[in-house]
Amino acid sequence: MGAQWPLVVGRLLVLLPTLPGWSNVTIFDGPPVTADVAADYVTVGYVADDTGGTYVQVQTPDGFRCEETGTVRSQLSSVTGDTDLASVRTRVFALIDQVQAAVRADRRLGVLSPEGTTELDVDVLSLQNSGGAAQSVVFTLHYLTIT
C-alpha cells in the first residue's frame, strides 16, 4: 500500500475549517500561493525554510502489513499592523487549542487504521517590531498507522 502521509494531510485540510473559530482562517495546502495573505492563515504540510513532514514505512513482524510512522508539519500565523503581540498570541492559542481538542477527540482522525494514533506538538514563534506583531505556531502532527 502507498504512503498514508497524503491522506493525513488531506484530512487536516478538511478538518481545520470545521473547527470552532477557524472560519476566517485562510488555509493553504502547502505554501501560500499569494504574497497577500490574510491576517490569520495556516500552511498545511509546509513550514517555511523547513520540512513539511516525514514518514517511514516498515513491514510488520507478521510480514503481511506495513507500519507507517510520520509527521505532518504546519504553520499557523496571526499578524497585525500594530504592535499588540498579546492580541495575536491570544488568537493563535485559541486556534491551536481547537486543533489539539480535535486530535484528542479522534486520535485516528477518521482516516488511520484501527491501531492508528496521533499526537500533536507545538513550537512557538513571536515577532514584534515597528511594523507590527505576529504570532506563529508550528504544529507537528505525529501519526502511526498500519496498512
Side-chain angles (χ1 to χ4, degrees), residues 1-81 85 87-128 132-147:
M1 179 159 252
Q4 300 300 292
W5 193 91
L7 185 67
V8 176
V9 168
R11 178 62 184 138
L12 285 173
L13 291 167
V14 169
L15 174 67
L16 293 177
T18 69
L19 299 178
W22 278 75
S23 61
N24 292 322
V25 178
T26 301
I27 299 171
F28 294 101
D29 182 356
V33 292
T34 177
D36 189 25
V37 296
D40 298 325
Y41 68 95
V42 65
T43 56
V44 177
Y46 174 82
V47 176
D49 301 324
D50 210 339
T51 67
T54 63
Y55 73 90
V56 175
Q57 294 180 333
V58 295
Q59 192 169 14
T60 59
D62 65 13
F64 296 105
R65 300 186 302 162
C66 181
E67 179 181 284
E68 181 174 313
T69 56
T71 61
V72 176
R73 301 186 73 230
S74 303
Q75 187 164 357
L76 170 63
S77 298
S78 184
V79 298
T80 183
L85 184 59
S87 68
V88 289
R89 180 173 43 241
T90 298
R91 175 82 177 130
V92 163
F93 278 87
L95 292 168
I96 198 65
D97 284 350
Q98 293 301 318
V99 176
Q100 289 175 318
V103 169
R104 281 192 301 270
D106 180 5
R107 296 276 186 198
R108 296 183 312 121
L109 295 179
V111 296
L112 300 177
S113 67
E115 307 90 347
T117 190
T118 56
E119 294 290 334
L120 195 71
D121 70 53
V122 178
D123 295 314
V124 179
L125 311 163
S126 302
L127 171 69
Q128 186 177 25
Q135 182 72 63
S136 290
V137 292
V138 173
F139 61 97
T140 304
L141 180 78
H142 300 265
Y143 70 90
L144 170 121
T145 192
I146 299 176
T147 57

**Student:** Quick one: OG1 on Thr54 to NE2 on His142, what's the gap to the nearest 0.5 Å?
**Tutor:** 8.5 Å

**Student:** Mind listing the closest non-hydrogen atom pair of Val88 and Ala134 along with its distance?
**Tutor:**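 Closest pair (atom of Val88, atom of Ala134, distance): CG2-C, 4.1 Å.
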
**Student:** So which atom in Ser78 and which in Arg91 form the shortest heavy-atom distance, rounded to 0.1 Å?
**Tutor:** OG-CG, 3.9 Å

**Student:** Counting distance only, does the side-chain N/O of Gln100 pair as donor-acceptor with the main-chain N or O of Leu120 below 3.5 Å?
**Tutor:**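 No, because the side chain of Gln100 does not come within donor-acceptor range (under 3.5 Å) of the backbone of Leu120.
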
**Student:** Consider side-chain contact (heavy atoms from CB on, under 4.5 Å). Of Val137, Leu16, Asp40, which one does Leu76 pass it with?
**Tutor:** Val137

**Student:** The test is side-chain contact (heavy atoms from CB on, under 4.5 Å); show your working for Val124 and Gln135 and say whether it passes.
**Tutor:** CA-CA 8 Å; Val124 179; Gln135 182 72 63; 3.2 Å; yes

**Student:** Has Gln98 got a side-chain atom pairing as donor or acceptor with Leu19's backbone, closer than 3.5 angstrom?
**Tutor:**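 No, Gln98 side chain to Leu19 backbone: no donor-acceptor pair under 3.5 Å.
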
**Student:** Side chain of Trp5, backbone of Thr71: donor and acceptor closer than 3.5 Å?
**Tutor:**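 The answer is yes, because a donor-acceptor pair under 3.5 Å joins these two groups.
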
**Student:** In Å and rounded to the nearest 0.5 Å, what is the CG to CZ distance from Asp121 to Arg73?
**Tutor:**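 Reported to 0.5 Å precision, the distance equals 8.5 Å.
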
**Student:** Looking only at heavy atoms, which two atoms of Cys66 and Gln57 are closest? And how far apart?
**Tutor:** SG-CB, 3.4 Å

**Student:** Heavy-atom count around Phe93 CZ within 6.0 Å, excluding the residue itself: above 12?
**Tutor:**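 Above 12, so yes.
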
**Student:** Got a list of side-chain donor-acceptor pairs under 3.5 Å for residues 105-118, not counting sequence neighbours?
**Tutor:**
{"unit_1": "Asp106", "atom_1": "OD1", "unit_2": "Arg108", "atom_2": "N", "d": "3.1"}
{"unit_1": "Asp106", "atom_1": "OD1", "unit_2": "Leu109", "atom_2": "N", "d": "3.2"}
{"unit_1": "Asp106", "atom_1": "OD2", "unit_2": "Gly110", "atom_2": "N", "d": "2.8"}
{"unit_1": "Arg107", "atom_1": "NH1", "unit_2": "Thr118", "atom_2": "O", "d": "3.2"}
{"unit_1": "Arg108", "atom_1": "NH1", "unit_2": "Leu112", "atom_2": "O", "d": "3.1"}
{"unit_1": "Ser113", "atom_1": "OG", "unit_2": "Glu115", "atom_2": "OE1", "d": "3.1"}
{"unit_1": "Ser113", "atom_1": "OG", "unit_2": "Gly116", "atom_2": "N", "d": "3.3"}
{"unit_1": "Ser113", "atom_1": "OG", "unit_2": "Thr145", "atom_2": "OG1", "d": "3.2"}
{"unit_1": "Ser113", "atom_1": "OG", "unit_2": "Ile146", "atom_2": "N", "d": "3.0"}
{"unit_1": "Ser113", "atom_1": "OG", "unit_2": "Ile146", "atom_2": "O", "d": "3.4"}
{"unit_1": "Glu115", "atom_1": "OE2", "unit_2": "Arg65", "atom_2": "NH1", "d": "3.0"}
{"unit_1": "Thr118", "atom_1": "OG1", "unit_2": "Arg107", "atom_2": "O", "d": "2.9"}

**Student:** With a sphere of 6.0 Å drawn around CG of Asp62, does it hold more than 12 non-hydrogen atoms of other residues, nucleotides or ligands?
**Tutor:** yes

**Student:** Could you tell me which non-hydrogen atom of Pro32 sits nearest to which non-hydrogen atom of Tyr46, and how far apart they are?
**Tutor:** CD-CE2, 4.1 Å

**Student:** Might you point out which heavy atoms bring Phe139 and Val99 nearest each other, and give the distance in Å?
**Tutor:** CE1-CG1, 4.2 Å

**Student:** Work out which heavy atom in Ser126 is nearest to a heavy atom in Leu85; give both atom names and the distance.
**Tutor:**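 Answer, listing the atom of Ser126 first, then Leu85: CB-CD2, 4.2 Å.
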
**Student:** Taking the side chain as every heavy atom from C-beta outward, state whether Val92 and Ser136 have any pair of such atoms under 4.5 Å apart.
**Tutor:**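 In short, these two side chains do not touch, never coming nearer than 4.5 Å.
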
**Student:** List the atom pairs, with distances to 0.1 Å, where a side-chain N or O of residues 22-29 and a protein N or O form a donor-acceptor pair under 3.5 Å, not counting sequence neighbours.
**Tutor:**
{"unit_1": "Trp22", "atom_1": "NE1", "unit_2": "Leu95", "atom_2": "O", "d": "3.2"}

**Student:** Can you find a pair of side-chain heavy atoms, one from Val9 and one from Leu12, that are under 4.5 Å apart?
**Tutor:** no

